[in-house]
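Remember, predicted model here, so these are calculated numbers, not experimental data.
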Amino acid sequence: MTDSLLSDRDGAVVTLTLNRPEAMNALDVDLKEALRDTLASLESDKSCRAIVLAGAGGAFCVGQDLREHAAQLESGHTDLDTVRQHYNPIAQRLAGMPKPVVAAVRGMAAGAGASFALLADFRIGGPKTRFLMAFANVGLAGDSGVSWSLPRIVGHARAVEMLLLAEPVKAPEALAMGLLSRLVDDDEQVLTAAHELAARLAAGPTVAYGAIKRELSIGDAGTLSDALAAEAQAQTITGATADHKAAVNAFVAKQKPVFEGR
């Protein structure tokens with residue numbers, strides 16, 4: 001594991017920390033490859049039942065490392081192959097992760113950093129949290145799934161405004177718009193609140209959570225028939241789990257169910 005990405009496990013919760021605080025956790029090749037490959041590993045890791053994504057220091061992530069990018073442009077490397085090699089796989093892993101993902105968005109989330117946060121299932125922020133769709137400020141279109149996630153959260157018209165004007169959105173407005181799921185009173189509480197939520201989710205029916213996420217990804221963009229077919233398939237899968245059987249038995253016995261994620 002590279003030093004630019006830290007991975008810590010607490011029970012069934014894995015915390016991934018973007019660890020380039022001196023660069024506000026800007027994404028260089030080393031960090032992008034580490035995040036891509038670690039997410040791929042966690043996807044099939046049954047002992048991991050929830051993920052927290054955080055940034056070291058005072059920022060979540062400001063997106064692409066422009067110093068590294070400037071050096072590449074100077075060398076004549078103008079094809080943004082990093083989108084296909086890094087950003088797209090990371091976005092697909094985050095959105096399709098079959099277990100809950102909680103983003104601890106402390107400080108600035110800009111560019112691809114904001115895009116990654118928007119692909120999490122929950123986003124916890126504090127007073128200094130900011131979202132900035134910074135792509136147009138450097139003459140680029142959006143990436144890392146922002147054209148898919150942002151309109152679903154804030155609506156098409158507001159997404160156009162945020163991407164074209166590229167103005168920062170402060171924490172209270174971000175909460176009202178749905179960019180944040182929860183807003184805590186102190187920035188120092190952001191990571192703690194994210195861990196508490198992730199621990200709660202990790203103790204839940206994680207197979208069902210993954211199935212719900214797949215249902216929503218289909219139902220949100222498809223037809224009613226698509227949604228019904230996805231729901232039927234999901235209920236077949238979840239109905240055969242030990243968690244479902246245990247929960248039904250606990251209900252009948254008037255007890256609290258214990259979920260094991262299987």
Side-chain angles (χ1 to χ4, degrees), residues 1 5-19 25 27 31-32 34-56 59-61 63 86-107 109 111-126 129 131 143-146 148-150 152-153 174-175 178-184 190-220 234 259 261:
M1 175 70 68
L5 181 70
L6 305 180
S7 180
D8 299 296
R9 187 181 295 262
D10 182 6
V13 176
V14 174
T15 299
L16 300 180
T17 303
L18 310 177
N19 189 40
N25 302 314
L27 299 157
L31 177 51
K32 287 181 287 190
L35 182 58
R36 178 196 62 193
D37 297 345
T38 302
L39 288 171
S41 175
L42 290 177
E43 185 174 307
S44 58
D45 183 351
K46 295 187 182 301
S47 67
C48 168
R49 296 176 61 185
I51 297 170
V52 173
L53 183 63
F60 178 71
C61 175
H86 306 119
Y87 289 121
N88 285 357
I90 292 171
Q92 288 175 330
R93 296 291 184 188
L94 286 171
M97 184 64 62
K99 58 201 74 177
V101 179
V102 180
V105 190
R106 185 170 52 187
S115 299
F116 291 165
L118 296 183
L119 292 171
D121 301 303
F122 299 89
R123 292 165 295 281
I124 312 298
T129 296
F131 287 89
D143 61 33
S144 304
V146 72
W148 180 86
S149 62
L150 187 60
R152 284 166 169 76
I153 295 171
L175 178 65
L179 297 173
L180 285 177
S181 310
R182 299 182 184 178
L183 178 59
V184 298
V190 170
L191 187 57
T192 299
H195 281 151
E196 290 175 350
L197 177 57
R200 172 186 169 183
L201 291 163
T206 45
V207 176
Y209 291 159
I212 290 168
K213 291 176 64 172
R214 287 191 296 274
E215 285 180 339
L216 289 172
S217 69
I218 294 170
D220 190 46
F259 298 109

Restricting to non-hydrogen atoms, name the atom on [X] and the atom on [Y] that form the minimum distance, rounded to 0.1 Å.
X: Val102; Y: Ala194; result: CG1-CB, 3.8 Å
X: Ala104; Y: Leu191; result: CB-CD1, 3.9 Å
X: Phe60; Y: Asn25; result: O-ND2, 3.2 Å
X: Ala112; Y: Asp143; result: CB-OD1, 4.0 Å
X: Thr17; Y: Gly55; result: CG2-C, 4.0 Å
X: Leu175; Y: Ser181; result: CD1-O, 3.8 Å

Please identify each residue that fulfils side chain to side chain contact (heavy atoms under 4.5 Å, CB included) with [X], with sequence neighbours left out.
X: Ala114; answer: Ala109, Phe131, Met133
X: Asp121; answer: Pro100, Val101, Lys213
X: Arg49; answer: Ala12, Ala202, Thr206, Phe259

Is it the case that the side chain of [X] and the backbone of [Y] share a donor-acceptor pair, with hydrogens and angles ignored and the cut-off at 3.5 Å?
X: Ser115; Y: Gly145; answer: no
X: Asn19; Y: Ala56; answer: no
X: Arg123; Y: Ala103; answer: no

Hey, what do you get for [atom1] ([X]) to [atom2] ([Y]), rounding to the nearest 0.5 Å?
X: Leu216; Y: Arg214; atom1: CG; atom2: CZ; answer: 11.0 Å
X: Ile212; Y: Ser217; atom1: CD1; atom2: OG; answer: 12.0 Å
X: Phe116; Y: Ile90; atom1: CZ; atom2: CD1; answer: 4.0 Å
X: Ile153; Y: Trp148; atom1: CD1; atom2: CH2; answer: 8.5 Å
X: Leu119; Y: Ser144; atom1: CG; atom2: OG; answer: 8.0 Å
X: Leu16; Y: Cys48; atom1: CG; atom2: SG; answer: 8.0 Å

Next item on the list: Assess whether atom CZ of Arg200 is packed by more than 12 heavy atoms of other residues, nucleotides or ligands within 6.0 Å.
Entry: no
Next item on the list: Provide the full list of salt bridge (charged side-chain N to carboxylate O under 4.0 Å, His left out) pairs with a residue in residues 36-45, sequence neighbours left out, each pair given once.
Entry: Arg9-Asp45, Glu43-Arg93
Next item on the list: Can you run down the side chain to side chain donor-acceptor pair (under 3.5 Å) pairs that involve residues 94-103, sequence neighbours left out, and say none if there aren't any?
Entry: none
Check: Residues in side-chain hydrogen bond (donor to acceptor under 3.5 Å, both in side chains) with Lys32, at least two apart?
Finding: Gln64, Thr82
Is the shortest heavy-atom distance from the side chain of [X] to the side chain of [Y] under 4.5 Å?
X: Cys61; Y: Leu27; answer: yes
X: Val52; Y: Asp8; answer: no
X: Val105; Y: Ile124; answer: no
X: Leu179; Y: Leu150; answer: yes
X: Ile51; Y: Met97; answer: yes
X: Leu35; Y: Leu53; answer: yes
X: Thr15; Y: Asp10; answer: no

